[in-house]
Amino acid sequence: MNKGLFKQLFLEKFETMHGQTIEEASPMDIYMTLGTMIRDYMSRKWIATNKAYVDQEKKQVYYFSMEFLLGKMMERNLLYLGWKEIVEEAFGELAVDLESILSLEPDAGLGNGGLGRLAACFLDSFASLQLPGHGCGIRYKYGFFDQKIVDGYQVELPDPWLKNGNVWEIRKADKAVEVRFGGNVRLDHHDNTTIFIHENYDSVLAVPYDSPIVGFRNNTVNTLRLWSAETTMRDFDFSTFNRGDYLNAVKYKHEVESISQILYPDDQHQEGRILRLKQQYFLVSASLQSIIHRYKKKGGSLDEFSHKIAIHINDTHPVLAIPELMRIFIDEEEMGWDQAWQITTETISYTNHTILPEALEKWPIDLFQILLPRIYMIVHEINERFCHELWQRYPNNWDKIGQMAVVADGYVHMAHLAVVGSHSINGVAEIHSEILKKQVMRHFHELFPHKFNNKTNGITPRRWLLKSNPSLAQLITDTIGPAWRNDSSELIQLMKHTDDAYIRDQVFTIKHNNKLRLAKIIEEKTSIKVDPSSIFDVQIKRIHGYKRQVLNVLHIMDLYNRLRENPDLNILPRTFVFAGKSAPSYYQAKQTIKLIHSLADLINKDASIKNKLKVVFLENYSVSLAEKIFPAAEVSEQISTASKEASGTGNMKFMMNGAITLGTLDGANIEIKDAVGEENIVIFGLTAHDVLAYYRDGGYNAWDMYHQDPRIKMILTQLINGFLPGAQDEFRSVYDALLYQNDEYFVLKDFSSYVDAHNRVNTLYSNRNQWLKMSICNIAQSGRFSSDRTISEYASGIWKIEPVYIAE
Ligand code: 26Q
């Protein structure tokens, strides 16, 4: 592609699509035209990729996930195809501003946070590493809610991301499959075998929408298949209408479509809603049917299935893939139980993303059985056989067997099903995998030690550096060459330049410009003027007790108290930036958002502190907003209660953009510390070992902190004495959680150590050269946190898949 050719093709495409000339074009028309052109161009590669996969009979992996938090795709596709500059120039000649066209695309926000974004980074790495890996998910009509802040409170609004259509997807009506809910199972006997007949079920049509996922500057185009729930025409036909049942028919249609209507906005918390279970089965049943159908059509033998297909489940949300695969093998393919079980376990692998007990999925048996009668029978049988094995191994140990059973205490335990029915279970950072083995799943680890492994998370350096921070990316390319974009281990070459004065200056200038850009966004969105020379200290992530935004707030209050006492206090000016969404039903998290706003109100208006402190909350955190914040950040707040954050991936995005981590020894922070060395990170607080010991043995009393530390006493009093603007009792619940509920997340326990850590940051930052050296070291060492590294480990260690070269 070149500029002249592009311009010609674009104008032709525009005219055929819109029946008018470019002069009359709306920006949306231009967006759609460009999108269609890109998609058409990718189609040829898409076809070639699929053909190569079939011809070469290479093993494929399907990544099953209830969430794919993709963000925008157009600029990514332009960059990956190597078209961006050409289009920019061609558009310049047509007086079209590419930036403003790109901004028209809505984010595909089909995820809550880390787990969903990880799935998106993995798709990026599959394609960029030329690996045959595809995503299977749900095409939610409404993505993760839009957050509006009204008077400091979060208000949730729907996200109608599909309202102007979606250029990337292709509806494949001919590939629709039926998914069955409810009804009953009748047993029939034929030549000594029992046949299970599912009848009186409600059927839902699952229609796939495929989107191309193109690799970085290669010819691989993989597929993300998202399923939409529809009624079959015969449910809505004239006979229904004629019987006078029109209203019921409409109601039924509505009920069916509700399955793919919304993404559940809970994170780290499971609310046992039946519709959620329906969504989960809908995803796995539709995906497995289509995978098996295609496999058989291409002549594959089911005996070979696990050698040709790997299925990965992103947390337990798609764990029904295990009994559903069993159902298809046994009921539809007439396979015996033992062979079906062997193939199923060899096919399925599972990632655990959390150890918070409230997030572990379990479903009441009665509810499960009514919705999925045949699947329940299979789960029951899996449980019977497993408990029998356990009985052989641990005779009479009912306690242990009860703790490990798949069905127990009236519930189906989804994580147990995942462990029993898969061949690999991994955690997402070293410490997390260790905690799984030694604590949460210790009985299972004892039984199946070979199944457990670690795959530390990663992020794609192409979106999180090349796309979001182009000037830093350019500096890196100028310094060490462009290879880092496909081979992130190359970033280590930057270590040779930590003392290079020119590079330091450049890194400083790039960061400063990114800060200027963010300052402008902040002012546009909040009317708050921040000092671009102040330290940009950032905490952006879901709002949750364990992530401890409250600890950040308490430190800011303390700093403010010190400044009020002494306006000439020798500290560097700071800008504290927050962003993140709370689950709509999570009261404490919502109060935390209000608390940040009240504090911001108080501090930002106080002239006496001479603009040394600013507090900003940016509403509606999203992938696109994140892309603007990370490049401007200097301090990365990763302050979860040790042991609670499985990995974190924001920490990696900050690091890759040169921010210094201020964090606890939790999740991947530990591996970041190992990578950069103690002198290039600021660590504080209790260790996971300390925290787990307190949970086990007790011995922590939050009131001790209150009585021993006058700063804590003062701040906590300020939470409830009207010091903060707004209703006097607004933050009573925060106060009570810290004192009367004994500070579940050890906020007060870690307070003092956190303040000290901030003081160290202040000192380090005052030495500009030293700070820049730290920053360059972080960028240089961030290569190991590329999702390319993570995916290569999954590919060789778990899935046994290999790259497939696709010719031009
Ligand atoms: C479960 C049941 C019903 C409704 C919702 C859910 C649900 C949805 C989303 C439960 C959990 C999630 C999301 C979890 C998540 O994002 N975990 C994060 O995963 C990241 C990627 O591995 C890690 O880096 C984070 O540490 C972890 O918190």
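Note that the coordinates shown come from a computational prediction; the quantities given were computed from them, not determined experimentally. Note that ligands are numbered from 1 as they come in the structure, with each ligand's atoms numbered from 1 the same way.
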Subject >> Proximal atoms of ligand 1 relative to N457 (non-hydrogen, under 4.0 Å) >> reply: 21 (C), 22 (O), 23 (C), 24 (O)
**OP:** Say whether T316 and E361, considering side chains only, have a donor N or O and an acceptor N or O under 3.5 Å apart.
**Re:** yes
**OP:** May I ask you to check if ligand 1 and E645 share an N or O to N or O distance below 3.5 Å?
**Re:** yes
**OP:** Check whether any heavy atom of T354 sits under 4.0 Å from an atom of ligand 1.
**Re:** no
Original post:
Does atom NE2 of H423 have more than 12 heavy-atom neighbours from other groups under 6.0 Å away?
Top reply: yes
Original post:
Does an N or O from S647, backbone or side chain, lie closer than 3.5 Å to an N or O of ligand 1?
Top reply: yes
Original post:
For atom 5 (C) of ligand 1, what's the nearest protein heavy atom and its distance?
Top reply: D266 O, 3.4 Å
Subject >> atom 10 (C) of ligand 1 [closest protein heavy-atom partner, distance rounded to 0.1 Å] >> reply: H317 NE2, 3.6 Å
Subject >> Which segment of H353 sits under 4.0 Å of ligand 1 when only heavy atoms are counted >> reply: both
Original post:
Just checking, K451 and F444: is the charged tip under 6.0 Å from the six-membered ring centre and within 45° of the axis?
Top reply: no
Subject >> Pair F578 + F617: ring centers closer than 6.0 Å >> reply: no
Original post:
Can a non-hydrogen atom of G648 be found less than 4.0 Å from any atom of ligand 1?
Top reply: yes
Original post:
Heavy atom under 4.0 Å from ligand 1: found in L115's side chain, backbone, both, or neither?
Top reply: both
Subject >> Neighbour count above 12 (heavy atom, 6.0 Å) for K141 NZ >> reply: no
Original post:
Which of the listed options, Q270, R117, R276, holds the heavy atom that is closest to atom 4 (C) of ligand 1?
Top reply: R276
Subject >> Structural part of Q268 in contact with ligand 1, heavy atom criterion under 4.0 angstrom >> reply: both
Original post:
Do H134 and F126 have ring centres separated by under 6.0 Å?
Top reply: no
Subject >> Any H432 heavy atom less than 4.0 Å from ligand 1 >> reply: no
**OP:** Output the list of atoms in ligand 1 that are nearer than 4.0 Å to some heavy atom of A646, sorted by atom number.
**Re:** 26 (O)
Original post:
Does E67 have a non-hydrogen atom less than 4.0 Å from ligand 1?
Top reply: yes
Original post:
Y546: heavy atom below 4.0 Å from ligand 1, yes or no?
Top reply: yes
Original post:
Relative to ligand 1, is E361 under 4.0 angstrom through side chain, backbone, both or neither, heavy atoms considered?
Top reply: side chain
**OP:** Would you please indicate if the ring centroids of H269 and Y586 are separated by under 6.0 Å?
**Re:** no
Original post:
Do E678 and I683 come within less than 4.5 Å of each other through their side chains, counting heavy atoms only?
Top reply: no
**OP:** Step through it carefully: locate the ring centre of F746, locate the ring centre of Y695, and say whether they are under 6.0 Å apart.
**Re:** yes
Original post:
Parallel, tilted or perpendicular for Y63 and H312, by the 30°/60° rule?
Top reply: parallel
